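For this chain, numbers begin at 1 and follow the sequence in order. Only this structure's heavy atoms are used, side chains among them; waters, hydrogens and symmetry mates stay out. No experiment lies behind these values; they were computed from the predicted model shown.
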Amino acid sequence: VTEAVAGGDLTARMDTVSDGRFAQLARSLNHMVDELERAEGRRRQLTADIAHELRTPLHIIQGNLEGVLDGVYEPTEAHIQNTLEETQLLARLVDDLGTLSLAESGQLPLILEDVDLAELLDDVATSFGSQAEGAGIALVVTAPPAGALVVRGDALRLDQVLSNLVANALRHTPAGGTIALAAAPDSTGARLTVADSGEGIPAADLPYVFDRFWRGDPARSHTAGAGAGLGLAIAQKLVEAHAGIITVDSAPGAGTTFTIMLPAAPP
């Protein structure tokens, strides 16, 4: 069995019928091979997902350029702008994959400083204020006074976490809805929440929300503004890099709430 596994056959298993230490050894080896098989499955799925995400913008870029060269399209500003947007999409995807890879391997550099959570929420709300107003969505912030709630962290990375959550909420909240950002002290540090009054997530989908390339609606594409499905995965890894925890609570028609627990800043 060990030779088969070493040769790449991850379907091989040892017989665990016998008793004693050899049976325990066999179970341990089978468990190890099970984990290897699952890891290989995840690797193949990730490769397929990346190829899928790259294929659409590359086809659009190729089609636009070939159309211009063949005289089908005039090299108008609109066509050039469309091609530029697709290249920017590819650049964001590559950047997101790089961030995710570094975070998962524990090699993402963090610039640690005291972060005032009231200021952090205000900055995020300011960044998305115009977009929320244009979509007819109320964006509200509830936080202690400036300086009252501070954590030790990387301000830019925490901003990225909240921005990913707010961007996700904007995509799933209809006009007339609300997105609420809140910060409050907790027994172990601080609690941040991003809650929306949007469409919600079915219970069957909740375990996969933080998976790479996950989308609640498989029919969504980047052309519909759904992104590559990496935002929540990145948010989770960045929170974990701060020794924090992120959870989600949602139900169809009842909105979605993401909760982030961060340790307090040391004195």
Side-chain angles (χ1 to χ4, degrees), residues 92 95-96 98-100 102-104 106-173 177-198 201 209-210 225 227-250 255-267:
R92 286 197 301 271
D95 287 343
D96 286 348
T99 299
L100 193 56
L102 288 173
E104 287 181 335
Q107 298 178 0
L108 184 69
L110 297 178
I111 302 175
L112 298 179
E113 58 184 334
D114 288 343
V115 180
D116 186 330
L117 295 185
E119 292 183 359
L120 180 67
L121 293 186
D122 283 340
D123 287 345
V124 173
T126 299
S127 298
F128 287 92
S130 296
Q131 186 177 346
E133 184 178 357
I137 298 171
L139 187 58
V140 298
V141 175
T142 304
L149 188 56
V150 176
V151 298
R152 191 72 173 171
D154 186 316
L156 291 178
R157 292 302 185 183
L158 291 175
D159 186 288
Q160 184 178 3
V161 170
L162 293 173
S163 294
N164 285 353
L165 296 179
V166 173
N168 185 71
L170 283 170
R171 285 194 293 268
H172 298 283
T173 303
T178 301
I179 298 174
L181 306 178
D186 188 78
S187 59
T188 58
R191 180 178 67 254
L192 295 170
T193 57
V194 177
D196 67 62
S197 59
I201 304 170
V209 163
F210 297 107
L230 291 175
L232 295 181
I234 290 174
Q236 181 188 51
K237 295 305 177 184
L238 292 181
V239 170
E240 291 174 353
H242 284 81
I245 299 171
I246 182 171
T247 58
V248 58
D249 181 45
S250 184
T256 300
T257 299
F258 287 92
T259 302
I260 300 168
M261 307 298 294
L262 295 172

Worked check of side-chain contact (heavy atoms from CB on, under 4.5 Å) between Leu165 and Ile260
CA-CA 11 Å; Leu165 296 179; Ile260 300 168; 3.9 Å; yes
Start with the C-alpha distance between Leu192 and Leu121, add both sets of side-chain angles, then the distance that settles side-chain contact (heavy atoms from CB on, under 4.5 Å), and finish with yes or no.
CA-CA 9 Å; Leu192 295 170; Leu121 293 186; 4.2 Å; yes
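Note that CG of Leu230 and CG of Leu100 are 6.0 Å apart. Values are rounded to the nearest 0.5 Å. Atoms CG and CZ, on Leu117 and Arg191 in that order, are 11.5 Å from each other to the nearest 0.5 Å. Distance check: Glu119 CD to Thr126 OG1 gives 11.0 Å after rounding to the nearest 0.5 Å. Between the CD1 atom of Ile246 and the CZ atom of Phe210 there is a distance of 4.0 Å, given to the nearest 0.5 Å. Distance OG1/Thr193 to CE/Met261: 10.5 Å, rounded to 0.5 Å. The distance from atom OG of Ser127 to atom CG of Leu139, rounded to the nearest 0.5 Å, is 10.0 Å.
Within the 4.5 Å cutoff, the side chain of Arg152 has no heavy atoms near those of the Val115 side chain. Side chains of Phe258 and Val209 form a contact here, defined as non-hydrogen atoms less than 4.5 Å apart. At least one side-chain heavy atom of Thr99 sits under 4.5 Å from a side-chain heavy atom of Arg157. Side-chain contact between Asp159 and Leu120: present, with at least one pair of heavy atoms (C-beta onward) separated by less than 4.5 Å. Looking at Gln160 and Leu238, their side chains come closer than 4.5 Å, going by heavy atoms from C-beta outward. Counting heavy atoms from C-beta on, the side chains of Val151 and Leu158 come closer than 4.5 Å. Annotation: side chain of Thr259 is not in contact with side chain of Asp249 (no heavy-atom distance under 4.5 Å). Side-chain atoms of Ile111 and Leu156, non-hydrogen and from C-beta on, never get closer than 4.5 Å to each other.
A 6.0 Å sphere centred on CD of Glu133 holds no more than 12 heavy atoms belonging to other residues, nucleotides or ligands. Other residues, nucleotides and ligands contribute at most 12 non-hydrogen atoms within 6.0 Å of the CD1 atom of Ile245.
The backbone N or O of Gly255 sits nowhere less than 3.5 Å from a side-chain atom of Asp196 that would complete a donor-acceptor pair. The main-chain N or O of Thr178 is found under 3.5 Å from a side-chain atom of Ser197 such that the two form a donor-acceptor pair. Between the side chain of Asp154 and the main chain of Leu110, no donor-acceptor pair closer than 3.5 Å is present.
Taking all atoms of both residues into account, the shortest heavy-atom contact from Val141 to Ala125 is CG2-CB, 3.6 Å. Nearest heavy atoms, Glu113 versus Ala155: OE2-CB, 3.4 Å.
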